[in-house]
Amino acid sequence: EDEDEDDESKNGIINHTNNFHGKDRETIDRKIKPKQPKKSSLFIYSLYDKIQTTYATSFDYGRNGIWKYTIGLVGKPSAGKSTFFNAITEPKTEDDVAKVASYPFTTINPNVGQGFFRIQHPVNGVKKLFDHDYPTHLKIPIIVKDVAGLVPGAYKGRGKGNAFLNDLCDADVLIHIVDGSGKSDENGVILMDEVRDPVQDVLWIKEELHRWIFNNIRIKWGKCLRSVDNFMSMFTGYQCRASMVHEALKRAGYSMRNLEETMLSWSQNDLHEVVAHFLHIRFPIMIALNKADQASPEVINTTIRRLLEKGNVVKPTCAKLEWMLCQMEKKGAIRREGLSVVVPLDEENDVVEDRSQQVDFAIKRLDRLAKTFYQMEGTGVVEAVNSAVLELRPPLVLFPIQDFETFISLDLDGPNPELGTASSPNTTSKRNSTALPKTTREGDMAETHLSQHVPLSKCVLVYPNTTAGDAYEILNKSPFNVVHGEFVRCDCFDTSLQEKRVMKRTETITKSTAIIKISTNKRKGWQHKNTTNNINKKLTSSMS
């Protein structure tokens with residue numbers, strides 16, 4: 001029996017939409033149509049309320065080495081996913097721009113591009129470099145994937161079907177783009193005379209993701225009962241290791257020792273609980289409350305508070321404005337300093353006081369957002385990406401250097417989104433220069449790649465369990481090939497001690513020991529092998 005097809009219960013249903021802002025509709029001029037969830041849906045919602053407020057999304061992933069970090073963008077049609085994608089990937093050509101339109105299912109095939117998150121520049125953690133005018137932040141490339149819009153029942157093939165959920169399998173974290181204005185229904189159709197509660201979209205999208213995994217397992221439940229390995233493979237098929245499934249089971253209160261016997265007595269609710277813990281770990285979700293400038297500040301701020309109370313990570317965003325600013329900057333009409341300051345330019349790229357209508361609109365809208373949302377930087381888009389990466393599933397950023405006098409990075413051959421090598425902070429734009437500016441303001445970020453003469457300008461994203469020996473293997477092999485010969489030692493600059501020290505080959509690298517220098521014997525492996533063979537031949541000859 002398909003338990004999600006049950007009739008909506010007439011009794012005991014918590015109304016999640018009535019009076020959801022704590023004010024009557026006349027006060028905030030909103031018309032809400034309450035929609036009562038099914039019993040099974042309410043149970044799923046209650047699971048996530050408990051899990052999100054109790055458990056962290058990160059844990060020991062059981063992996064090491066290079067991390068091809070990928071963000072997946074999800075949401076209903078017309079919520080602004082493709083605009084958000086364009087804003088964070090900054091496409092260089094028209095062919096790279098994701099199609100945007102005011103009708104559902106504008107996106108069919110996934111859009112894939114290079115986006116960025118930012119960290120504080122590591123030179124800020126090295127006291128001997130404090131006196132220099134280096135940028136304050138680094139932009140680090142990641143992969144971003146924008147999948148087709150989801151509609152209720154997508155896990156059963158409704159809308160564009162289950163295949164688009166499968167496009168998310170390689171994502172490390174998800175950003176749920178929510179229409180914070182409430183001006184479109186669950187199918188992405190624009191509403192004319194009513195406004196929808198954005199929290200409804202947060203609930204049913206999570207339920208779609210949950211049921212996607214749940215139903216895939218339930219359909220093959222008989223096979224799962226025949227072997228624990230079969231059960232485990234239903235989860236590891238989502239591109240994760242068994243340790244992640246073990247953690248989900250542990251959090252749900254089950255032990256691997258007697259799992260095969262325990263599963264025989266499981267109800268659907270037991271499986272729901274395991275799936276909920278797994279989804280929370282495997283696909284942590286950050287909520288971007290988009291179109292924040294199209295709703296009243298009271299509505300947006302109240303919605304944010306309600307979501308935070310349920311343990312969600314949420315940021316208000318305005319992707320359309322961010323994309324507009326990116327286009328104006330590309331055309332040379334403005335220069336951005338940090339995330340919140342826009343400087344108008346003329347055709348010669350000189351600062352001007354006279355502002356065009358479009359530039360004036362963008363500047364006023366930024367000012368309004370800053371006054372409306374406490375501590376919001378710019379359009380909130382960069383903050384949303386940062387929160388998704390650094391709060392939900394943070395990678396380790398590794399900085400291999402040539403020496404501890406200059407802290408100049410090894411040449412990692414420029415940014416590569418699949419490998420996570422870093423681009424770096426600068427206030428000049430891509431159009432004009434690749435050199436550092438003479439001065440760097442607080443909050444400035446790079447629009448170009450830093451010169452190799454700037455300390456700590458290149459990095460690699462790796463899993464948190466990566467050791468000094470793993471770092472050697474990464475740098476010694478393709479695609480980097482920047483360290484040659486056999487491993488001799490690894491030195492790190494420990495920012496907590498502000499001094500250089502030796503790391504054991506098996507020592508796990510941490511955030512405070514991520515600046516490393518690998519020393520080798522400078523010989524290739526085959527050269528060492530030949531030398532050993534020659535020595536053995538001489539010993540054999542002398543003995544004979």
Side-chain angles (χ1 to χ4, degrees), residues 64-69 90 114-126 128-129 132-143 385-386 389-390 394-428 430 433-437 440 444-464 466-468 470-484 487 490-495 500 503 509-520:
N64 52 19
I66 293 175
W67 195 342
K68 299 178 182 179
Y69 204 100
E90 302 176 14
Q114 176 182 280
F116 300 88
F117 72 97
R118 69 170 189 164
I119 63 170
Q120 187 179 46
H121 199 298
V123 295
N124 297 303
V126 183
K128 66 181 295 183
L129 301 176
H132 299 273
D133 287 328
Y134 295 129
T136 59
H137 291 87
L138 278 177
K139 285 173 64 177
I140 301 180
I142 50 177
I143 302 168
V385 175
N386 262 30
V389 175
L390 300 178
L396 176 66
V397 186
L398 189 65
F399 292 90
I401 62 172
Q402 299 178 26
D403 60 73
F404 290 100
E405 293 299 320
T406 64
F407 287 83
I408 298 299
S409 298
L410 289 177
D411 185 5
L412 300 178
D413 296 326
N416 184 327
E418 292 189 354
L419 299 172
T421 36
S423 167
S424 332
N426 188 342
T427 53
T428 58
K430 293 177 182 176
S433 173
T434 58
L436 273 173
T440 308
D444 285 347
M445 293 171 54
E447 296 295 344
T448 63
H449 312 310
L450 282 183
S451 162
Q452 271 298 109
H453 300 295
V454 175
L456 304 169
S457 61
K458 300 289 180 182
C459 68
V460 183
L461 292 185
V462 297
Y463 285 95
T466 300
T467 65
D470 296 328
Y472 160 75
E473 295 293 337
I474 292 170
L475 300 172
N476 178 249
K477 296 178 180 179
S478 178
F480 294 119
N481 296 313
V482 292
V483 172
H484 306 293
F487 181 92
C490 176
D491 295 289
C492 74
F493 184 83
D494 193 327
T495 55
K500 183 183 78 171
M503 297 185 74
I509 300 171
T510 65
K511 184 177 179 180
S512 63
T513 60
I515 301 172
I516 63 168
K517 179 182 183 300
I518 303 289
S519 300
T520 67

Chemist: Give a yes or no on this: more than 12 heavy atoms of other residues, nucleotides or ligands lie within 6.0 Å of atom NZ of K477.
Modeler: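 Counting other residues, nucleotides and ligands, NZ of K477 stays at 12 neighbours or fewer.
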Chemist: Start with the C-alpha gap between L410 and K458, add the side-chain angles, then the distance that decides, and say whether side chain to side chain contact (heavy atoms under 4.5 Å, CB included) holds.
Modeler: CA-CA 7 Å; L410 289 177; K458 300 289 180 182; over 6 Å; no
Chemist: Tell me the closest heavy-atom pair linking P464 and P394, and the distance in Å.
Modeler: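 Looking at all heavy atoms of both residues, the shortest contact is CG-O, 3.9 Å.
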Chemist: Say whether, by atom type as modelled, one donor and one acceptor occur between the side chain of N386 and the main chain of R118 under 3.5 angstrom.
Modeler: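 A pair under 3.5 Å: yes.
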Chemist: What's the shortest heavy-atom distance between L412 and C459, and which atoms?
Modeler: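 Smallest heavy-atom distance, with atoms named: CD1-O, 3.9 Å.
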Chemist: Nearest 0.5 Å, what's the CD1-CG distance between I474 and L398?
Modeler: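 Here the rounded value is 6.5 Å.
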Chemist: Considering only heavy atoms from C-beta outward, does the side chain of D491 approach that of S519 to under 4.5 Å?
Modeler: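 Counting from C-beta outward, D491 and S519 do come under 4.5 Å.
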Chemist: So F117 and P395, do their side chains get closer than 4.5 Å, heavy atoms only?
Modeler: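 In contact.
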Chemist: Mind running side chain to side chain contact (heavy atoms under 4.5 Å, CB included) on L138 and V397 for me, showing each step along the way?
Modeler: CA-CA 11 Å; L138 278 177; V397 186; over 6 Å; no
Chemist: Measure across Q402 and K517 and return the closest heavy-atom pair with its distance rounded to 0.1 Å.
Modeler: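 Nearest heavy atoms, Q402 then K517: O-CE, 2.8 Å.
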Chemist: Rounded at 0.5 Å granularity, tell me how far OG1 in T406 sits from NZ in K128.
Modeler: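 Going from OG1 on T406 over to NZ on K128, the span is 8.0 Å.
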Chemist: Tell me the closest heavy-atom pair linking V389 and I142, and the distance in Å.
Modeler: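 Heavy atoms only, the tightest pair is CG2-CD1, 4.1 Å.
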Chemist: In sequence, state the C-alpha distance, the side-chain angles, and the governing distance for I509 and C492, and then conclude on side chain to side chain contact (heavy atoms under 4.5 Å, CB included).
Modeler: CA-CA 9 Å; I509 300 171; C492 74; over 6 Å; no
Chemist: When rounded to the nearest 0.5 angstrom, what is the spacing between CD1 in I515 and CG in L456?
Modeler: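 It comes to 4.5 Å.
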Chemist: Please assess N64 against T467 for the test side chain to side chain contact (heavy atoms under 4.5 Å, CB included), listing each intermediate value before the final yes or no.
Modeler: CA-CA 8 Å; N64 52 19; T467 65; 5.7 Å; no
Chemist: Parallel under 30°, tilted from 30 to 60°, perpendicular over 60°: which one fits the rings of F404 and F407?
Modeler: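 Aromatic pair F404/F407 classed perpendicular.
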Chemist: Side chains of F480 and V460: closer than 4.5 Å at any heavy-atom pair?
Modeler: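 Yes - at least one pair of side-chain heavy atoms lies under 4.5 Å apart.
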Chemist: Which atoms form the tightest heavy-atom contact between L129 and P455, and what is the distance?
Modeler: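 Smallest interatomic distance, heavy atoms only, reads CD1-CB, 4.0 Å.
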Chemist: To the nearest 0.5 angstrom, please state how far the CG atom of D403 sits from the NZ atom of K500.
Modeler: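 With rounding to 0.5 Å, CG (D403) is 9.5 Å from NZ (K500).
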Chemist: Which value, rounded to the nearest 0.5 Å, describes the distance between M503 atom CE and T513 atom OG1?
Modeler: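 Reported value, rounded in 0.5 Å steps: 4.0 Å.
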Chemist: How far does CZ of F487 sit from OG1 of T520, to the nearest 0.5 angstrom?
Modeler: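 The distance works out to 10.0 Å.
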Chemist: Do you know the tightest heavy-atom contact between A471 and T466?
Modeler: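 Minimum heavy-atom separation between A471 and T466: N-CG2, 4.1 Å.
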